[in-house]
Visitor: 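I'd like to ask you about the structure that follows.
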Amino acid sequence: KNQVEQSPQSLIILEGKNCTLQCNYTVSPFSNLRWYKQDTGRGPVSLTIMTFSENTKSNGRYTATLDADTKQSSLHITASQLSDSASYICVVSALGGSYIPTFGRGTSLIVHP
Amino acid sequence: SQTIHQWPATLVQPVGSPLSLECTVEGTSNPNLYWYRQAAGRGLQLLFYSVGIGQISSEVPQNLSASRPQDRQFILSSKKLLLSDSGFYLCAWSGQGMGTGELFFGEGSRLTVL
């Protein structure tokens, strides 16, 4: 069964600090992995996409990594801002046969001033 | 550019009343369409998806139903709401083909059943 596990469930940091969110998956065969950001009361928005051959991808202060061998991904946020407070969701898609990506339950990040 | 509209944004309904949430996509054709529900503090749960007009797949047995009367219109309905139907409902679309593309979400509809 395809699964995506995220940790930690929630995280509180001070503004300006860095943090790293984790995602482990068992989706197979692997197609891609996306990190979404969901602000409270809004729909999720894609931050990054990682394919099998990619190890690292950045989007501003967000850097995603992928280890396809261990089936792990991380999202690193540098110099956090108050606007980074949100839920971060890891979503993994499989090759062929399914229209449904597998969602993690998300990590709730709160950035305090 | 593609846009997705979802309404109403907020609604409060009594138990046993009907429900209709509507979602439309503009700027693309033949999209895959999805309805998700998110309970407070929980992850997204896929309810229905559609790969074409009149083609609906249900992921979770419940008292909800979905319809796709037009290519870019997706409707979520219920004949009689339950308390457990409360939550944040999100419509999403992706490009035609298998589910490897990016999902684009609407702004959501917050339903409170009293």
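Here is how names work: the chains are called A, B, and so on, in the same order as the sequence lines, proteins then strands, and each is numbered from 1.
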Visitor: Tell me whether Leu81(B) shares a hydrophobic cluster with Val60(B), the cluster being built from Ile, Leu, Val, Met, Phe, Trp, Tyr side chains joined at under 4.5 Å.
Guide: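 Different hydrophobic clusters.
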Visitor: Is Phe104(B) close to chain A through its backbone or its side chain, or both, or neither, when contacts mean heavy atoms under 4.5 Å?
Guide: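 Neither part.
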Visitor: Angle between ring planes, Tyr36(A) versus Phe105(B), binned at 30° and 60°: parallel, tilted or perpendicular?
Guide: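 Geometry flag for Phe105(B) against Tyr36(A): perpendicular rings.
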Visitor: Between Gly106(A), Ser87(A), Ser46(A), Gly104(A), which shows the greatest number of heavy-atom pairs under 4.5 Å with chain B?
Guide: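 Looking at each of Gly106(A), Ser87(A), Ser46(A), Gly104(A) in turn, Ser46(A) comes out on top.
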Visitor: Are Val92(A) and Tyr62(A) linked, directly or through intermediate hydrophobic residues, by side-chain heavy-atom contacts shorter than 4.5 Å (ILVMFWY only)?
Guide: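 Same cluster.
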Visitor: In terms of heavy-atom proximity below 4.5 Å to chain A, should Leu103(B) be classed as side chain, backbone, both, or neither?
Guide: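 Interface part for Leu103(B): both.
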Visitor: Would the number of heavy atoms belonging to other residues, nucleotides or ligands and lying under 6.0 Å from CZ of Arg42(B) be above 12?
Guide: no
Visitor: Count I, L, V, M, F, W, Y as connected when their side-chain heavy atoms are under 4.5 Å apart, and connections chain through other members. Are Val111(A) and Ile77(A) then in the same cluster?
Guide: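 In one cluster with Val111(A): Ile77(A), yes.
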Visitor: Please check if Leu76(B) and Ile56(B) belong to a single hydrophobic cluster, counting links between Ile, Leu, Val, Met, Phe, Trp and Tyr side chain heavy atoms closer than 4.5 Å.
Guide: yes
Visitor: Please report the interatomic distance CD(Glu59(B)) to CD1(Ile100(A)), rounded to the nearest 0.5 Å.
Guide: 3.5 Å
Visitor: To the nearest 0.5 angstrom, please state how far the CG atom of Asp39(A) sits from the CD atom of Glu107(B).
Guide: 9.5 Å
Visitor: Quick check on Gln45(B) against chain A: is it the side chain, the backbone, both or neither that has a heavy atom closer than 4.5 Å?
Guide: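 No part of it gets close to chain A.
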Visitor: Following the transitive rule for hydrophobic clusters with a side-chain heavy-atom cut-off under 4.5 Å over Ile, Leu, Val, Met, Phe, Trp and Tyr, establish whether Val91(A) and Trp93(B) coincide in one cluster.
Guide: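 No.
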Visitor: Please give me the minimum heavy-atom distance between Leu44(B) and Pro44(A), naming the atom from each residue.
Guide: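 Between these two residues, the closest heavy atoms are CD2-CG, 4.3 Å.
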Visitor: As an exercise, state the distance from CZ of Phe88(B) to CZ of Arg42(A), rounded to the nearest 0.5 Å.
Guide: 8.5 Å
Visitor: Taking all non-hydrogen atoms of both residues, which atom of Gly43(A) and which atom of Leu90(B) are closest, and how far apart?
Guide: CA-CD2, 3.7 Å
Visitor: Closest heavy-atom contact between Gly41(A) and Arg110(B)?
Guide: CA-NH2, 4.1 Å
Visitor: Need one label for Gln6(A): side chain, backbone, both or neither, based on atoms under 4.5 Å from any heavy atom in chain B.
Guide: neither
